[in-house]
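All ligand and atom numbering here is 1-based and tracks the order in the structure.
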Amino acid sequence: SFINRICPDWKMIPELSKPSVYIKDRQKVEKILTAMRQTGPSAVQVISDFDMTLTRFAYNGKRCPTCHNILDNSKLISEDCKAELADLLKTYYPIEIDSTRPVEEKLPLMVEWWTKAHHILVQQRIRKDLLAVVVQESDAMLRDGYQLFFNHLQEHDVPLLIFSAGIGDILEEVIRQAGVFHPNVKVFSNYMEFNDTGVLQGFKGELIHVYNKHEGALLNSSHFQELKQRHNVLLLGDSLGDLSMADGVPDLENILKIGYLNDKVEERRESYLSSYDIVLEKDETMDVPNAILLHIT
Ligand code: C5P
Ligand code: MG
């Protein structure tokens, strides 16, 4: 259209000029934005990671918790187990974000981390009815601008899939307490299994960790089949493992990948820039995803 020719989509989104925004191929981003804007909200679906993507990485210089950390740091866990879980985090998190190690090498180690952590959590006989309190008492925080993000998607009937290697019961509680667990939200995650008396017994289904989201996507093909008219995907993640969250989408036409680069920024910038279309460095807000959503829907 005329307006598009004199004023590219690009310039219509001032948030893309924030100092936290890094883009390798501006023309590609421009092209995707134009295509998505032309087809509008009925062709869009959003697929987002949860921890450190929808939630903040840090607040006032202090790290914010992941779903697992919310439990790890809670009153439901004994001091001994807290120490064990903290040791696991100290051992495996640096491996998770190490850009010098190939993913194949990390895979078994990630399975090991999740398995050991889940085993410890099960030993604690965690009660289902206390999860809400634990979330309430935690430092979990959704990124600034989350209300607009969730509410806008709901208002425009755009489905939001939250695809998380965290804990489904916890993340649902976080978004429920924030008042944004709308009917358009669907969650793929690790869900807790409780016995008749409401005590944690284990986890349901196949384990999802940061680097096997591809498999999770394929296992849930019926979800993507239901949304098969939605050929345009906005993908949000913070790990390179999140890039495969849209692998189950049939007839994908356009995908815009936005990646939060929260930690080890210098070391990882290059790899993020070559795999995410838009990289948000140490940006604790939803400003860019929100501006893009308002633009294309
Ligand atoms: O929602 P998302 O897929 O980001 O959840 C996974 C995150 O949870 C990972 O980035 C990992 O660092 C974190 N994690 C954790 N404790 C564990 C296992 C994973 O904090 N025991
Ligand atoms: Mg994450």
Side-chain angles (χ1 to χ4, degrees), residues 47-58 63-74 77 81-99 103 106-124 126 135 138-143 160-175 185-192 200 203 206-217 220 235-246 257-264 268 272 276 279-280 283-284 286 289:
I47 304 180
S48 180
D49 170 55
F50 186 72
D51 293 302
M52 310 297 118
T53 296
L54 293 179
T55 55
R56 290 182 72 114
F57 178 75
R63 282 290 300 270
C64 291
T66 62
C67 291
H68 283 93
N69 304 154
I70 290 175
L71 273 181
D72 300 353
N73 305 335
S74 77
I77 310 292
C81 287
K82 272 193 177 132
E84 283 182 57
L85 288 161
D87 277 345
L88 291 178
L89 186 67
K90 228 170 68 196
T91 308
Y92 292 101
Y93 175 68
I95 301 173
E96 177 192 340
I97 63 163
D98 187 342
S99 54
V103 171
K106 298 184 189 188
L107 278 172
L109 298 167
M110 294 298 105
V111 174
E112 214 173 87
W113 181 15
W114 262 255
T115 310
K116 285 180 180 170
H118 287 183
H119 183 73
I120 295 174
L121 292 177
V122 169
Q123 286 175 345
Q124 298 298 292
I126 290 168
V135 168
S138 77
D139 297 325
M141 274 178 97
L142 293 165
R143 287 189 190 272
L160 166 62
L161 170 63
I162 300 179
F163 196 156
S164 169
I167 301 171
D169 309 71
I170 302 285
L171 85 80
E172 281 194 10
E173 198 52 44
V174 172
I175 57 178
V185 178
K186 167 108 194 185
V187 180
F188 296 167
S189 188
N190 300 303
Y191 277 90
M192 294 172 144
L200 181 66
F203 286 79
E206 298 294 318
L207 175 72
I208 304 174
H209 60 75
V210 262
Y211 292 115
N212 74 348
K213 290 192 175 180
H214 166 77
E215 289 158 42
N220 288 286
L235 180 145
L236 309 180
D238 78 293
S239 158
L240 295 179
D242 296 328
L243 289 158
S244 59
M245 293 188 299
K257 300 173 203 151
I258 304 179
Y260 283 94
L261 178 50
N262 302 310
D263 203 1
K264 292 271 180 291
R268 299 198 292 166
Y272 273 62
Y276 277 106
V279 176
L280 303 175
D283 183 333
E284 294 292 356
M286 299 294 297

Using side-chain heavy atoms (C-beta onward) and a distance below 4.5 Å, is Asp72 in contact with Leu121? yes

Rounded to 10°, how many degrees is the angle OD1/Asp238-the Mg ion (ligand 2)-OD2/Asp49? 80°

Specify the protein heavy atom at minimum distance from atom 1 (O) of ligand 1: its residue, its atom name, and the distance to 0.1 Å. Ser164 OG, 2.7 Å

Please work out whether any backbone atom (N, CA, C, O) or any side-chain heavy atom from C-beta onward of Trp113 is under 4.0 Å from ligand 1, and answer side chain, backbone, both or neither. side chain

Flag the pair Asp51 / Ser164 as yes when at least one side-chain heavy-atom distance between them is below 4.5 Å, and no otherwise. yes

Atom 5 (O) of ligand 1: the protein heavy-atom neighbour that sits closest, reported with distance to 0.1 Å: Asp51 OD2, 2.9 Å

The Mg ion (ligand 2) - closest N/O/S atom in Asp51: O

Could you tell me if the side chain of Thr53 sits less than 4.5 Å from the side chain of Ile258, heavy atoms only? no

Indicate yes or no: does an N/O atom of Asp242 lie under 3.5 Å from an N/O atom of ligand 1? no

Measure the shortest side-chain to side-chain distance between Ser189 and Phe50 over non-hydrogen atoms and say whether it is less than 4.5 angstrom. no

For atom 20 (O) of ligand 1, what is the nearest protein heavy atom, given as residue, atom name and distance? Thr66 OG1, 2.7 Å

Output yes when the distance from some N or O of ligand 1 to some N or O of Ala165 is under 3.5 Å, and no in every other case. yes

Closest non-hydrogen atom pair between Tyr92 and Met110, with its separation: O-CE, 3.8 Å

Counting from 1 in the order shown, the ligand 1 atoms closer than 4.0 Å to a non-hydrogen atom of Phe50 are 1 (O)

Candidates His68, Lys213, Met52; heavy atom nearest atom 16 (N) of ligand 1 found on His68

Does Trp114, backbone or side chain, put an N or O under 3.5 Å from an N or O of ligand 1? no

Assess the residue pair Ile175 and Ile162 against the criterion (side-chain contact (heavy atoms from CB on, under 4.5 Å)); give the C-alpha distance rounded to whole Å, side-chain angles, the decisive distance to 0.1 Å, and a yes or no. CA-CA 11 Å; Ile175 57 178; Ile162 300 179; 4.0 Å; yes

Ala117 neighbourhood, listing ligand 1 atoms whose heavy-atom distance to it stays under 4.0 Å: 21 (N)

Say whether Ser239 and Asp242, considering side chains only, have a donor N or O and an acceptor N or O under 3.5 Å apart. no

Would you check if the Mg ion (ligand 2) lies under 2.8 Å from any N, O or S atom of Asp242? no

Considering all heavy atoms of both residues, which atom of Asn212 and which atom of Leu207 are nearest to each other, and what is their separation? ND2-O, 2.9 Å

Whether the Tyr260 and Asp49 side chains hold a donor-acceptor pair (N or O, under 3.5 Å, no angle test) is what I'd like checked. no

For ligand 1 and Asp49, I'd like to know whether there is a polar contact (N/O to N/O, distance under 3.5 Å). yes

Taking distance alone, with no angle check, do Glu96 and ligand 1 share an N/O pair under 3.5 Å? yes

Identified side-chain contact (heavy atoms from CB on, under 4.5 Å) partner of Lys116 from the options Leu85, Thr91, Leu88: Leu88

